Amino acid sequence: MKFFSTLIGSFAALLFAGCERGTESSPPAVERDRTPSAEEIQHVQATGQAAAKVLMESLGGQLKGALQTGGPVKAIEICQQTAIPLTSSVGVNLDGVIVSRKTLKPRNPANSPDEMDRAVLEKMSKAVMTPGSPPQPMIEWQADVARFYHPLMIQEVCLNCHGDPTLFSPELNDALAKAYPQDQATGYALGDFRGVIRVDIERP
Ligand code: HEC
């Protein structure tokens, strides 16, 4: 009896296997194994951190300076630039690395997330809700590109343009309304999760 049921079992398995093969029209593509090695993970982490650091330091420094000398309206253009030359002395080769910013509440619609970005942003937003667990950087692997995501939190200086709009000057509200009619990026408080710096790093 035992033998018999095993026999039926293998017969069914054979049948299904045959079925699967029958529906396949072309031979399976030979795919490279894209599982990252420990070495590649380390490379993407180091490169992503370095690029994010260059962008944050450069933006942060310029923002503070511009706010002091010209006020928020004049400083608007500082937060517009992400094309910062990524060649500063961080000791890591940043050739070919692409940096962008993504958020669930964009000021500029060009910074809207795609599906992969959105999943990361949602995970990080959830992490912020647990006290004492700030969101950590994440890596998502595509076949040809690794995306390193660095979380951005709202600091004091950010409130000038992303805080409570009733506290903004009329000039700033005007300038924002003109340049960004679909602005969603106000109403943040200190320590809020604002979005990410996304660093795209080509895979070997
Ligand atoms: C002087 C005003 C100003 C200040 C201060 C400022 N921002 Fe912005 N921010 C802007 C503007 C304007 C944009 C839209 C940029 C663009 O057109 O891409 C923007 C866009 C962004 C974006 C891209 C996503 C989006 O909404 O379009 C992020 C992320 C961001 N800001 C984070 C910050 C953080 C973090 C700080 C504080 C360290 C900060 N900003 C301070 C004006 C400002």
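Order of listing sets the numbers, starting from 1, for every ligand and every atom in it. For clarity, every value in this text was computed on a predicted model and none was experimentally measured.
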Counting from 1, what ligand 1 atoms have a heavy atom of P106 closer than 4.0 Å? 25 (C), 26 (O)
In plain terms, say whether R147 and D117 are close enough for a salt bridge, that is, a side-chain N and a carboxylate O under 4.0 Å apart. yes
Element-labelled atoms of ligand 1 that are located less than 4.0 Å from some non-hydrogen atom of A75: 1 (C)
Note on atom 8 (Fe) of ligand 1: protein N/O/S atoms within less than 2.8 Å are C79 SG, H162 NE2
How would you list all residue pairs meeting side chain to side chain donor-acceptor pair (under 3.5 Å) that involve residues 69-78, not counting sequence neighbours? none
Which heavy atom in P151 sits nearest to a heavy atom in V196, and how many Å separate them? CA-CG1, 4.2 Å
Connected via hydrophobic side-chain network under 4.5 Å: I154 and L152: no
Are any of the N/O atoms in T103 less than 3.5 Å from those in ligand 1? no
N-O pairing of R203 and D144 below 4.0 Å: no
Relative to the heavy atoms of P72, which atoms of ligand 1 are at a distance of less than 4.0 Å? 1 (C)
At less than 4.0 angstrom from any non-hydrogen atom of L63, what atoms of ligand 1 do you find? 4 (C), 5 (C), 6 (C), 41 (C)
Tell me, which protein residue and heavy-atom name are nearest atom 27 (O) of ligand 1, and how many Å apart are they? N111 ND2, 2.6 Å
Is R194 salt-bridged to D192, cutoff N-O under 4.0 Å? no
Can you confirm, on distance only, whether ligand 1 has an N/O atom lying under 3.5 Å from any N/O atom belonging to Q155? no
Pull out every atom of ligand 1 sitting under 4.0 Å from any heavy atom of L152, numbered as shown with elements. 29 (C)
What protein heavy atom lies closest to atom 14 (C) of ligand 1? Include the residue and the distance to one decimal. Y180 OH, 3.4 Å
Y188 six-ring face occupied by K105 cation (under 6.0 Å, within 45°): yes
